[in-house]
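To start, the structure itself, in structure tokens.
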Amino acid sequence: MEFAFTQEQEMIRDTAASFLAQVSDSAAVRAAMATETGYDPALWSRICTQMYWQAIHVPEAYGGMGLGYVEVVAMMEQMGKHLLCSPFFSTVCMGVNALLIAANDEQKAQWLPTICEGNTTATLAFNGGVNRWDTTAVTATWRKEGDNIVLNGSYRYVIDGHTADLLIVAARQEGESSDIALFVLPAQTPGVTRAWLPTMDQARRQASIALQEVTVETAAMLSGADSGNAALTRIVDLAAIALAAEQVGGSQQMLDATVAYTSERVQFNRTIASYQAVKHKAADMMLQVEVARSAVYYAACVAQEALSGSTLGAELPEAASVAKSYCSDAYFAVAGDALQLFGGVGFTWEYDVHLYFKRAKSSEHMLGNGAYHRERLAAMLLD
Amino acid sequence: MEFAFTQEQEMIRDTAASFLAQVSDSAAVRAAMATETGYDPALWSRICTQMYWQAIHVPEAYGGMGLGYVEVVAMMEQMGKHLLCSPFFSTVCMGVNALLIAANDEQKAQWLPTICEGNTTATLAFNGGVNRWDTTAVTATWRKEGDNIVLNGSYRYVIDGHTADLLIVAARQEGESSDIALFVLPAQTPGVTRAWLPTMDQARRQASIALQEVTVETAAMLSGADSGNAALTRIVDLAAIALAAEQVGGSQQMLDATVAYTSERVQFNRTIASYQAVKHKAADMMLQVEVARSAVYYAACVAQEALSGSTLGAELPEAASVAKSYCSDAYFAVAGDALQLFGGVGFTWEYDVHLYFKRAKSSEHMLGNGAYHRERLAAMLLD
Amino acid sequence: MKLSFSAEDEQFRQEVASWLRDNLSGEFEKLKGRGGPGDEHSFPQERKVWEQKLAQGKWTCVGWPQAYGGRGCSIEQQVIFFEEYARARAPGRMGHIGEGLTGPTLIAYGTQAQRDKYLPGILDGTQFWCQGYSEPGAGSDLANVKTRAAFDQASGKWRINGQKVWTSLAHESDYCFVIARTDPGSVGHKGLGFFLVEMDQPGIQVRPIEQITGTSEFNEVFFDDAECSSEDIVGEPGEGWKVAMGLLGFERGVSTLGQQMLFQNEFDEVVRLARSNGAASDPVIRQRIARAHTELKIMRYNSMRMLSGQSTGDGSLQKEALIYKLFWATWHRSLGELAMDVMGPECEILDAPPYALNRLQSMYLFVRADTIYGGTNQIQRNIIAERGLGMPKEPRGTL
Amino acid sequence: MKLSFSAEDEQFRQEVASWLRDNLSGEFEKLKGRGGPGDEHSFPQERKVWEQKLAQGKWTCVGWPQAYGGRGCSIEQQVIFFEEYARARAPGRMGHIGEGLTGPTLIAYGTQAQRDKYLPGILDGTQFWCQGYSEPGAGSDLANVKTRAAFDQASGKWRINGQKVWTSLAHESDYCFVIARTDPGSVGHKGLGFFLVEMDQPGIQVRPIEQITGTSEFNEVFFDDAECSSEDIVGEPGEGWKVAMGLLGFERGVSTLGQQMLFQNEFDEVVRLARSNGAASDPVIRQRIARAHTELKIMRYNSMRMLSGQSTGDGSLQKEALIYKLFWATWHRSLGELAMDVMGPECEILDAPPYALNRLQSMYLFVRADTIYGGTNQIQRNIIAERGLGMPKEPRGTL
């Protein structure tokens with residue numbers, strides 16, 4: 001048992017941290033926010049060609065770096081801290097995961113290398129527009145028609161859905177209520193329409209996608225070992241863990257910023273950091289950040305085990321719900337406390353606090369909020 | 001609109017406060033706690049003959065003082081503050097209310113004067129041993145047999161049930177699932193067995209009551225204007241408001257004691273009251289106490305309107321649930337904070353904090369806790 | 001205690017309601033539910049016209065004494081007016097600083113000349129006021145005023161230099177009352193003056209502050225040799241703190257019940273949404289809605305206690321008044337969070353790019369100011385503990 | 001990072017589990033689940049016999065170096081031992097003060113003579129220790145020691161006078177380690193000594209403290225010219241604070257995972273109850289159970305981080321260790337409340353008069369101590385803010 005980053009993992013994390021400190025400062029984030037794309041394509045290209053992050057946990061056989069989910073999580077934590085605007089989460093933590101879990105070898109060989117080369121972004125669309133994040137959220141349908149498959153339906157809350165090159169979409173067979181399958185298709189496939197959904201959190205883009213009689217070859221149906229329902233569940237759990245890691249990074253940044261600001265800010269001739277009310281709030285923030293981090297690191301290990309097929313991977317649903325529920329609540333609480341302790345300036349557009357405060361809410365609701373995941377855990381425990 | 005005590009009400013409250021300060025100090029409470037009866041009969045007799053509290057809101061026509069529910073609530077607040085061990089709540093806030101609401105004129109004339117004379121304590125038994133506090137909690141049954149009525153079934157959580165002279169019990173007609181009726185019977189009626197249920201909060205007694213083929217005359221069935229279901233609902237709401245008032249009194253006492261103790265107690269060469277963490281907790285306690293008090297005073301007015309048949313009385317269920325949910329949570333939070341701020345000594349049997357802490361929990365669960373009443377309010381609002 | 005209003009008061013309620021029904025229509029229809037905190041940037045010109053309409057009906061300054069041009073309403077009637085005003089979804093008042101703060105201050109502390117000069121414009125809805133209290137870096141430390149006022153013997157005028165911040169609607173105001181230091185060597189409460197300053201002059205610049213909502217209703221106001229006539233200081237030079245504190249006292253009062261009606265409107269919108277999108281069947285949401293409902297109800301009862309206390313003539317600030325700001329601000333912040341959680345993932349989706357928030361989103365973000373301005377929650381707890389419970393004061397530092 | 005234990009460690013786990021299965025039976029069967037915080041008053045004599053049974057299996061002091069008679073287990077193995085011990089519901093350890101505090105302290109700071117004298121009795125489960133740290137009125141201000149130790153030249157012994165409080169199991173202990181002031185004029189951290197004191201002597205009186213539960217496991221200990229040999233001071237006179245602080249450091253560590261297994265047993269009991277009485281279908285209770293489960297899980301992960309940090313040899317207290325006390329104490333207190341709310345109105349009903357609490361009731365009341373002893377939640381937040389975040393220290397007062 002060893003529950004700390006290896007030296008190599010620490011190096012990867014530190015490299016990411018210093019790179020992001022350079023390329024994702026407040027000005028860069030605000031510039032990206034102002035575009036419809038939501039990120040700077042030049043920066044993404046630099047990430048793909050210099051840092052190779054898009055390939056981080058793709059097996060070497062498919063052109064990837066062959067690292068694990070612990071490394072993905074370490075990266076996401078840093079991205080959360082620096083609010084990086086990029087299609088990393090959608091491409092790597094949804095698209096690549098979907099292919100790793102649900103695709104057969106041929107499909108992996110077809111799509112993963114193109115992602116690793118940095119030419120292709122990807123995302124996952126499954127939620128038909130409801131406040132649920134499991135297989136019951138899928139409302140789109142598919143049917144066989146000769147040698148082809150025809151897809152119909154719509155999706156909301158699709159991360160980077162309007163810009164991704166490759167879509168992995170979930171649909172249930174027409175007439176069959178329960179069976180879900182996943183399909184991979186280029187976003188430019190005829191019949192696909194996509195629209196940006198502008199969001200309160202401007203540092204990550206959501207979109208709606210509609211499929212109208214979209215015709216794809218049978219080979220577009222992902223057909224790995226798992227059933228479509230099982231695969232989708234695992235893909236969502238892996239994405240939730242990555243998102244929880246981002247939440248930890250954001251929480252840490254809010255704590256750090258709060259300690260720094262309150263140590264400068266003077267009221268009644270004292271730094272406000274010297275007031276016990278401020279200290280104790282900061283202590284509660286630190287508690288939440290550290291507890292959240294413990295949850296995420298454990299979940300990262302479980303995710304890694306799940307991806308490598310180990311028995312410990314069976315804990316994935318629990319670990320994902322533990323991490324996502326705790327981190328969602330912690331990030332929102334910590335960001336809210338930060339805003340409060342910054343006082344008036346925290347309320348301005350000019351200071352960065354509101355960017356994190358908004359990210360806290362958007363990531364809380366994305367893939368299920370605290371109450372949602374707690375009810376999921378309650379069902380595991382009690383029913 | 002006038003939302004403050006009248007001078008007369010203030011005088012009644014102040015008289016009660018100074019009387020209770022004398023007769024219900026810590027030693028008196030602890031002595032009463034140690035008895036199975038749970039109160040000092042001599043003190044109760046003194047209350048009945050000198051203070052006449054048992055008759056406070058009984059109309060003068062039945063030998064009462066003819067005051068209102070605002071006065072009852074003012075008394076309960078003081079009793080909560082001083083943890084008075086007495087059958088006041090069971091007799092006045094359950095027994096008398098049940099007769100006032102559910103009895104016809106003859107029944108009132110038969111029973112209310114005996115209570116007013118101070119010879120008779122009373123209580124209400126309706127809960128068959130479930131965690132619900134409305135008509136669905138009734139499991140006992142009644143049937144007609146000739147000119148008589150036969151009662152069967154059992155009750156739990158009956159306040160002073162093992163000592164009360166007069167029982168008002170709820171039962172549903174055999175074979176009829178929904179119709180509830182209330183009956184008044186002397187506790188000594190053959191077939192009635194009663195047992196003390198020792199409780200964590202030792203300053204108020206609970207009992208179980210079993211009825212086995214208990215035969216009473218038809219005249220024992222309370223037959224005022226309301227249906228049995230409507231009457232029971234109103235009786236429970238009135239009792240809940242009285243209990244909420246007691247909770248306010250207890251909360252106030254815990255706040256006062258905490259401010260006094262922390263102003264004396266020195267740590268690191270400072271009174272602990274000078275620490276902002278202590279001050280802010282005390283401020284939050286005061287907020288809860290004052291908000292709870294506002295809820296209770298309003299509910300008292302509504303209760304008064306309900307007893308006098310005014311239209312504003314229609315707000316009774318809402319006002320009761322607002323008051324009971326807020327005050328239950330507030331008392332438990334405030335008493336818990338008090339225990340925390342007293343530190344080690346708050347954890348001892350010797351200090352009185354634990355008595356209030358335990359009362360907070362027992363009164364929270366009695367007649368429905370916060371969550372229970374919030375769900376009731378949600379149903380009013382949303383369904 | 002009695003809950004019901006007198007028959008006379010109920011008739012007054014009818015009168016208010018019916019006037020609003022008749023007059024809040026036509027060109028004013030579009031103002032319904034607009035303005036107010038978080039939406040002050042909406043329709044400022046039209047809302048000024050509405051103020052004049054109100055004035056025609058004698059519905060401005062209803063609580064002012066008749067001797068000063070007001071209606072001289074009782075507290076009960078003022079409560080009724082504010083309740084009906086909010087119930088009708090009449091627009092956020094452009095004149096509330098003048099009516100609620102400047103007027104009462106001049107009536108209490110001003111000269112007859114000042115009253116004659118300024119009260120009519122407030123009463124008839126033609127002159128609007130903003131307040132120059134907060135300064136950058138001062139925050140909750142109100143006495144830490146750096147803005148200076150020097151009397152220029154040559155011109156016979158005060159010259160004001162410095163900066164104020166968080167000034168609501170400064171760009172829409174004709175006048176600003178300004179706290180400035182008249183005694184250059186003074187610190188804290190001492191040596192301040194209370195000035196009535198015309199906004200339209202070269203020495204004053206207004207710069208909007210862009211808020212978390214992307215909109216601006218607060219401003220920075222820069223004073224660079226701004227002028228103020230020697231007749232426009234309220235009280236003596238050096239006595240500004242007394243006036244300023246008196247003015248803060250006017251902030252509490254009957255308008256709290258009107259504010260609660262606005263809260264009720266927002267809460268009702270959350271309930272409607274929960275019923276329509278299915279969130280009302282989520283037991284966790286049900287608990288939160290019930291809790292919000294509970295506390296909103298009690299907020300009203302608490303205000304009734306405050307007002308009944310006031311009407312008994314007891315001047316000291318009662319406990320239920322001391323906790324009020326902390327209570328409502330925290331409640332309102334929770335309502336914002338509840339609104340978002342009732343919306344679920346839809347809470348993220350804007351009406352339009354770049355940043356068109358819907359009303360609940362705007363409320364959710366804007367309420368974050370409530371626990372900060374007018375004394376943060378932390379400052380409120382100090383005040384409650386120190387004034388309400390007699391606990392030791394926080395020591396000032398020595399930095 | 002890796003989650004799994006090595007094959008060797010898993011074999012060790014089997015060994016522990018099987019020994020406990022074989023030996024925690026017969027006369028010891030009734031001790032299952034007994035003892036431990038809130039139940040220390042149960043079966044003290046039988047649990048002392050159990051300690052000797054453990055010693056026979058070489059299961060006392062598993063973490064001590066082999067050179068001092070321990071098993072010299074790795075951290076992983078210690079974790080496994082404590083986990084299996086709790087999983088088997090083996091009784092609360094009577095010897096934990098000696099094993100966890102006295103022993104490590106003597107190994108670190110004691111003389112060889114002290115080790116020779118005291119370690120064997122701890123190892124073989126025949127001698128039991130209590131701790132004399134807290135004093136009345138001192139509370140969290142540990143350095144505010146008033147108990148005095150004076151060296152009596154005539155007898156060649158230290159004479160100790162004063163009072164200690166919150167001494168767990170004092171009446172069942174053979175020895176007490178005592179912090180006392182050796183330098184009469186000193187204050188605070190300076191001038192203290194760390195003494196090993198025999199309990200069975202005329203100068204020591206033990207008075208049980210009746211707790212909120214009606215039971216007593218804490219005591220007041222009165223020292224009235226209690227004697228202590230000159231060889232029984234650890235470190236030099238005046239250096240007691242260093243020893244005491246070192247000892248406090250031993251309180252953290254692998255036993256946290258054993259504590260969590262006890263928490264898990266309690267939590268499982270709450271879950272069983274909820275399933276049997278229908279509370280498990282209440283959505284609000286479900287949320288709270290899930291939250292308790294979540295945090296208990298994370299508590300384990302957090303301890304694993306703490307231990308992995310330790311095993312990497314980094315000596316400084318890491319952030320996840322700084323927050324640990326506040327986290328578990330607050331969690332445990334919430335578990336108590338959850339247990340009562342799962343029971344509903346039945347939570348009030350005792351097993352028997354006058355005050356026979358059932359196990360969950362006892363837990364509920366006893367956990368109120370967790371957020372107080374060993375540094376209140378308030379003190380913990382000071383420590384976190386000051387040491388973890390570098391925020392300014394609370395000033396000491398001048399009373």
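Basis for what follows: all heavy atoms, side chains included, without hydrogens, waters or symmetry-related copies. Chain A is the first sequence line, chain B the second, and so forth, proteins listed ahead of strands; every chain is numbered from 1.
Using a 4.5 Å cut-off between heavy atoms, Gln202(A) touches chain C through its side chain atoms alone. Proximity to chain A (any heavy atom under 4.5 Å) is shown, for Phe366(C), by both the backbone and the side chain. If you measure heavy-atom distances from Arg333(C) to chain A, the contacts under 4.5 Å come from the side chain alone. Contact of Asn377(C) with chain A is made through backbone and side chain together, with heavy-atom distances under 4.5 Å. Both the backbone and the side chain of Phe347(A) come within contact range of chain C, each with at least one heavy atom under 4.5 Å from a heavy atom of that chain. Within the 4.5 angstrom heavy-atom criterion, only side-chain atoms of Glu364(A), from C-beta onward, approach chain C. With a threshold of 4.5 angstrom between heavy atoms, Leu357(C) approaches chain A through side-chain atoms but not through N, CA, C or O. For Val353(A), no part sits under 4.5 Å from any heavy atom of chain C, backbone or side chain. No part of Ile285(C) comes within reach of chain A, as not one of its non-hydrogen atoms sits under 4.5 angstrom from that chain.
Put simply, CD on Glu394(C) and CZ on Arg270(A) are 5.5 Å apart, with the number rounded to the nearest 0.5 Å. Distance CG/Asp237(A) to CG/Asp134(A): 10.0 Å, rounded to 0.5 Å.
Ion pair Arg205(A)/Asp160(A) not flagged as a salt bridge, since none of the NZ, NE, NH1 or NH2 atoms sits closer than 4.0 Å to an Asp/Glu carboxylate oxygen. The pair Arg359(A)-Glu246(A) counts as a salt bridge, with a side-chain nitrogen and a carboxylate oxygen less than 4.0 angstrom apart. A salt bridge links Lys164(C) with Glu135(C): the distance from a Lys NZ or Arg NE/NH1/NH2 to an Asp or Glu carboxylate oxygen falls below 4.0 Å. Ion pairing between a basic and an acidic side chain is recognised when a charged N comes within 4.0 Å of a carboxylate O; Asp341(C) and Lys361(A) show such pairing. A salt bridge links Arg30(A) and Asp352(A); the closest N-O separation between the charged side-chain nitrogens and carboxylate oxygens is under 4.0 Å. Taking 4.0 Å as the cut-off between side-chain N and carboxylate O, Glu348(C) and Arg204(A) do not count as a salt-bridged pair.
When the candidates Pro345(C), Ala279(C), Ser134(C), Ala352(C) are compared by the number of heavy-atom contacts under 4.5 Å with chain A, Pro345(C) comes out ahead. For the set Glu350(A), Lys358(A), Met366(A), the count of heavy-atom pairs under 4.5 angstrom toward chain C peaks at Lys358(A). Put simply, of Phe357(A), Trp133(A), Tyr372(A), Tyr351(A), the one with the most heavy-atom pairs under 4.5 Å next to chain C is Phe357(A). Options Met343(C), Met340(C), Glu346(C), Glu337(C) differ in how many heavy-atom pairs under 4.5 Å they form with chain A, and the most are formed by Glu346(C). Top candidate by heavy-atom pairs under 4.5 Å with chain C, chosen from Ser362(A), Ala34(A), Ala371(A), Ala277(A), is Ser362(A). Each of Leu365(C), Val284(C), Asn382(C) has some count of heavy-atom pairs under 4.5 Å with chain A, and the biggest count is that of Leu365(C).
The side-chain heavy atoms of Phe223(C) and Gln205(C), taken from C-beta on, include no pair separated by under 4.5 Å.
Donor-acceptor pairing under 3.5 Å is lacking for the side chains of Thr35(A) and Thr37(A). Under the 3.5 Å distance criterion, with hydrogens and angles disregarded, a donor-acceptor pair is assigned to the side chains of Ser321(A) and His373(A).
Taking the centre and axis of the six-membered ring of Tyr373(C), the NZ or CZ atom of Lys325(C) falls inside the cone set by 45° and 6.0 Å.
Contact annotation for residues 328-346 of chain A against chain C (heavy-atom separation below 4.5 Å, listed by residue number): Phe332(A), Gly336(A), Leu339(A), Gln340(A), Gly343(A), Gly344(A), Val345(A).
Within the 3.5 Å criterion, the main-chain N or O of Glu217(C) finds a donor-acceptor partner in the side chain of Gln211(C).
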